[in-house]
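Below is one structure; the comments refer to it alone.
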Amino acid sequence: MSFRLESYFKKFAISHDDFSQDLFEIPELECGTLFQEILKNGVHGFCFSLYEEGQKPGDVVTEEQIVRRINIIKPHAQWIRSFSCTQGNELIPKLAKKEGIKTLVGAWLGNDKEKNKVELDALIDLAKKGYVDIAAVGNEVLYRKDLTEQELIECIQYVKNALPNIPVGYVDAYYEFSLRPNITALCDVILCNCYPYWEGTPYQYAIQHMKQMYYQTKAVANGKQVIITETGWPSQGENLKEAIPSKTNALQYFIQTQLWSQQDNVDVFYFSSFDESWKVGAEGEVGAYWGIWDKNEQLKY
């Protein structure tokens with residue numbers, strides 16, 4: 001017997017301006033079945049995890065491993081988000097479109113202007129060849145302080161001028177769009193990352209906090225579409241203040257996120273598809289455990 005998701009919508013219904021209510025806990029015995037039902041019905045999108053065990057950014061990746069992972073995701077998502085247009089990442093949108101999956105394609109920007117130009121031109125080339133549905137110019141560049149706001153504006157405008165018929169945006173933490181009205185005004189679509197875990201939110205308030213992040217961004221978007229380009233919860237690793245990683249919390253967060261996104265018609269790219277061990281160095285132990293599938297490409301739940 002399959003679950004009727006609409007019955008959970010009724011239980012989970014909370015107006016977007018009420019963030020005081022606790023998370024509706026799904027009984028543990030129902031979680032696994034509901035998780036499988038959500039995957040069977042399909043989610044909006046996943047952030048694509050490219051690197052296998054022993055690989056890291058900069059390593060050569062094969063078309064075979066990308067195809068294999070796309071085929072795992074394909075039955076469960078309408079969209080895939082990629083983060084770069086070089087070093088093999090340019091194959092992701094090409095192979096995804098071949099399988100009928102829509103693409104949010106990012107150019108990775110840092111503090112090296114020559115490399116940035118290569119990324120931007122590669123994004124433009126992919127888009128002109130029909131592989132890009134939404135173009136993202138940079139990911140958390142302002143958060144990392146790799147570029148100034150004016151330098152980022154020039155990059156976004158460069159891509160917009162080249163791609164007048166494709167929505168162009170910029171990805172960053174949700175609050176940056178309140179702090180940077182010039183960036184918000186320039187983007188065709190607002191692409192925000194929303195992570196209650198990284199703000200140390202206790203799990204029982206995580207969904208309400210994430211919703212608050214989204215609606216804060218929506219309030220400054222001037223009617224433009226707001227897409228959550230990353231949200232998730234780690235299945236193991238270090239606690240961050242009151243935010244506790246665990247398989248139970250990660251499973252509940254995924255389910256609640258998908259129920260809310262369908263209920264409120266919000267496009268969400270879940271972070272992430274597969275665990276990636278290389279992220280331990282950048283984020284601590286917790287960095288390696290954000291996937292719905294583990295590093296061996298097996299469902300965790």
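Just so it is clear, the values below take in all heavy atoms, side chains as well, and ignore hydrogens, waters and symmetry mates.
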So, [X] and [Y], do they make that salt bridge, N to O below 4.0 Å?
{"X": "Glu276", "Y": "Lys279", "result": "yes"}
{"X": "Arg180", "Y": "Asp172", "result": "no"}
{"X": "Glu297", "Y": "Arg69", "result": "yes"}
{"X": "Glu199", "Y": "Lys241", "result": "no"}
{"X": "Lys56", "Y": "Asp59", "result": "yes"}
{"X": "Lys211", "Y": "Asp264", "result": "no"}
{"X": "Arg68", "Y": "Glu64", "result": "yes"}
{"X": "Lys224", "Y": "Asp188", "result": "no"}

Strictly under 6.0 Å, is that where the ring centroids of [X] and [Y] end up?
{"X": "Phe254", "Y": "Phe35", "answer": "yes"}
{"X": "Tyr214", "Y": "Tyr174", "answer": "no"}
{"X": "Trp290", "Y": "Tyr270", "answer": "no"}
{"X": "Trp108", "Y": "Phe83", "answer": "no"}

At their closest point, which heavy atom of [X] faces which heavy atom of [Y], and how far apart are they?
{"X": "Ala127", "Y": "Leu163", "answer": "CB-CD1, 3.5 Å"}
{"X": "Gln225", "Y": "Val189", "answer": "O-CG2, 3.4 Å"}
{"X": "Glu119", "Y": "Ser84", "answer": "OE2-OG, 2.6 Å"}
{"X": "Asn239", "Y": "Pro245", "answer": "OD1-CD, 3.3 Å"}
{"X": "Glu285", "Y": "Gly237", "answer": "CD-CA, 4.0 Å"}

**Request:** Dump the intermediate steps for side-chain contact (heavy atoms from CB on, under 4.5 Å) on Thr33 and Glu30, then the final yes or no.
**Result:** CA-CA 6 Å; Thr33 305; Glu30 297 181 6; 5.9 Å; no
Looking only at side-chain N and O atoms, does [Y] offer a donor or acceptor that is under 3.5 Å from a partner on [X]?
{"X": "Thr103", "Y": "Lys97", "answer": "no"}
{"X": "Gln236", "Y": "Ser246", "answer": "no"}
{"X": "Asn116", "Y": "Tyr158", "answer": "no"}
{"X": "Asn89", "Y": "Ser82", "answer": "no"}

**Item:** Test side-chain contact (heavy atoms from CB on, under 4.5 Å) applied to Ile227 and Ile134, step by step
**Value:** CA-CA 11 Å; Ile227 298 173; Ile134 299 175; 3.8 Å; yes
Indicate yes or no: at least one non-hydrogen side-chain atom of [X] is less than 4.5 angstrom from one of [Y].
{"X": "Asp125", "Y": "Lys128", "answer": "no"}
{"X": "Leu104", "Y": "Phe269", "answer": "yes"}
{"X": "Tyr170", "Y": "Ile183", "answer": "yes"}
{"X": "Trp198", "Y": "Val286", "answer": "yes"}
{"X": "Val105", "Y": "Ile92", "answer": "no"}
{"X": "Lys300", "Y": "Trp293", "answer": "no"}
{"X": "Gln36", "Y": "Leu299", "answer": "yes"}
{"X": "Ile244", "Y": "Tyr203", "answer": "no"}

**Request:** Could you grab the distance from atom CD of Glu63 to atom CG of Leu95, nearest 0.5 Å is fine?
**Result:**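 It comes to 5.0 Å.
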**Prompt:** In Å and rounded to the nearest 0.5 Å, what is the CD1 to SG distance from Ile156 to Cys187?
**Reply:**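 If we round to the nearest 0.5 Å, Ile156:CD1 and Cys187:SG are 4.5 Å apart.
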Counting N and O atoms only, with roles assigned by atom type, does the side chain of [X] sit under 3.5 Å from a partner on the main chain of [Y], one being a donor and the other an acceptor?
{"X": "Glu151", "Y": "Thr148", "answer": "yes"}
{"X": "Ser49", "Y": "Ser272", "answer": "no"}
{"X": "Asn71", "Y": "Val67", "answer": "yes"}
{"X": "Arg81", "Y": "Phe46", "answer": "no"}
{"X": "Asp112", "Y": "Glu114", "answer": "yes"}
{"X": "Thr229", "Y": "Cys192", "answer": "yes"}

**Request:** Taking atom NZ of Lys102 as the centre, report whether more than 12 heavy atoms of other residues, nucleotides or ligands fall under 6.0 Å from it.
**Result:**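 No.
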**Item:** Flag if over 12 foreign heavy atoms under 6.0 Å of CD, Gln157
**Value:**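 Yes, CD of Gln157 has more than 12 neighbouring heavy atoms, counting only those of other groups under 6.0 Å.
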**Request:** Would you check, one step at a time, whether the test side-chain contact (heavy atoms from CB on, under 4.5 Å) holds for Val266 with Trp260?
**Result:** CA-CA 8 Å; Val266 177; Trp260 168 69; 3.8 Å; yes
**Message:** Glu230 vs Tyr195, test: side-chain contact (heavy atoms from CB on, under 4.5 Å). Steps then yes/no.
**Reply:** CA-CA 8 Å; Glu230 294 179 35; Tyr195 281 111; 2.5 Å; yes
**Asked** How are the rings of Trp233 and Tyr253 set relative to one another: parallel (under 30°), tilted (30 to 60°) or perpendicular (over 60°)?
**Response**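 Aromatic pair Trp233/Tyr253 classed tilted.
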